[in-house]
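The block underneath contains the structure these notes are about, expressed in C-alpha cells.
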Number of protein chains: 2
Amino acid sequence: MESIASILRNAGLKATPARLFVLRLLAETTKPLSHAEIEALARKEADAPPDRVTLYRVLEALTAAGLATKAVDRRGVARFSARDTHRRHERHVHFHCLGCGGVFCLTAPPPKPPRLPKGFRLEAAEFDVKGTCAQCAAKGKSGA
Amino acid sequence: MESIASILRNAGLKATPARLFVLRLLAETTKPLSHAEIEALARKEADAPPDRVTLYRVLEALTAAGLATKAVDRRGVARFSARDTHRRHERHVHFHCLGCGGVFCLTAPPPKPPRLPKGFRLEAAEFDVKGTCAQCAAKGKSGA
DNA sequence: TTTGCAAATGCAACATGATTGCATTTGCAA
DNA sequence: TTGCAAATGCAATCATGTTGCATTTGCAAA
Ligand SMILES: [Mn+2]
Ligand SMILES: [Mn+2]
Ligand SMILES: [Zn+2]
Ligand SMILES: [Zn+2]
C-alpha cells in the first residue's frame, strides 16, 4: 500500500505533519468533514495541533492538487473528502434530510448531464435530493 | 392584482415597511439576491433603510412563510428569491459558471426524482450543473 | 551529511455572513 | 382608540474564511 507521505509527494506537495494528519483523516472518514470538525479532531488527536489558518491552507492545497474534493453544504459550510472516498459516492444519488442534516446514499444512478450551449464546458453535475428522512418524518420534524 | 401587503397578511405576516420593501424587491428581480445585495439596495432606495439584523429576520420570516426561497450558493452565501420567481425556473435545469458565478437557464427539463427508501419524504430535487461558460472558457478562466 | 532556500507555518489582524439579548416601537385586532 | 404580541434597532458576539509578514522547515542538491 502507498503511504500517505508518498501520495502527497507524488502530487507535488511536501509531506508536512499538518498535511499528513489531514489527508489521513479524510481517507479514514467516510463523510465529508468541515474545517471546524477537522480542527476539533486535530486538537484532540494530534500531538502538535496545527494552526487554524494552516488547516485552511492545507485543505486548499489538497484540493488544488486533486487529493481532496471541496463542496459547500446546505448551511454554507465548505466540506472536504478524500478523492478516493469521494469517488465511491460518484455513482449514486444522495438524499439530504432537511430535519437532521443527515446524508443518505440512494441506489439510483445519477442522471445524464444535459446538452450545453456552444462553448460551455461541463465540470460537475450533482443531483441534489432533499426532504425528510424516515426517522425525522416519524418524529414529525419537517424541514429546518 | 394582489398587493404586496395583502400577500404578506394572507401568509400570516404583518405588513411592515421592511417586509414590503424586501418582498417587492424579490418579486421585481429575476436573479436570487443575497442579504448584502438587498442591504445595499435598501440603503439606496428605501427612505428609512431597515437595520441589517431586521433584513436577516425579514428574509427568515418570508422563507418560513413560504413567500421566499433560500438557497446557499457556491461561495456559501445565502440567496433569496420570491416564490413566484422561483417557480418560473422550476421546469428547467441551470448551469452555474465556476469562473464568473453566472447562472444560465438551459432548455433541458429536470430529471425525475429517484425512488426513496420507505418513510422518506421528498421535498425538492435540484440538478446542479457546474462548469465554465463560453465567455469564461474563451478568456481561459477555468473554475475558481 | 550538511546546507540553501522555496515553501510551509504561526500569529495577529481583518473581512464578511449570520445570530442573540434586550429595550423600544409599532401593526393591527378587538 | 387602545393593548399588546410581534417587529425593530442596536450592540455584542459568533462562525467561516482571508491576508500580511516574520519565522521555521522539508527536501533536493552539493
Ligand atoms: Mn454515497
Ligand atoms: Mn432558469
Ligand atoms: Zn433526518
Ligand atoms: Zn462564466
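Basis for what follows: all heavy atoms, side chains included, without hydrogens, waters or symmetry-related copies.
Comparing D:dT16, C:dG27, C:dT19 by their nearest atom to the side chain of A:Tyr56 picks out D:dT16. In this structure, of C:dG17, D:dT19, D:dG9, it is C:dG17 that holds the atom nearest to the side chain of B:Ala36. Checking D:dG17, C:dA18, D:dG9 against every side-chain atom of A:His35, the shortest atom distance belongs to D:dG17.
Using a cutoff of 4.0 Å between basic side-chain nitrogens and carboxylate oxygens, A:Lys70 and A:Glu60 are not scored as salt-bridged.
Contact annotation: side chain of A:Arg19 to base of D:dG26, donor-acceptor pair absent below 3.5 Å.
No donor-acceptor contact under 3.5 angstrom links the side chains of A:His86 and A:His89, judged on distance only.
When heavy atoms are screened at a 4.0 angstrom cut-off, A:Arg52 is found touching base atoms of the nucleic acid. Nucleic acid contact for A:Arg9: sugar-phosphate only, since backbone atoms but no base atoms lie under 4.0 Å from a heavy atom of the residue. No contact: A:Ala61 has no heavy atom under 4.0 Å from any strand.
Here B:Thr16 does not reach the OP1 or OP2 of D:dA7: none of its side-chain N or O atoms lies under 4.0 Å away.
Per the geometry, CG belonging to A:Leu13 stands 15 Å off C1' belonging to C:dT9, to the nearest Å.
Aromatic ring pairs are classed by plane angle as parallel below 30°, tilted from 30° to 60° and perpendicular above 60°; the pair A:His35 and A:Tyr56 is parallel.
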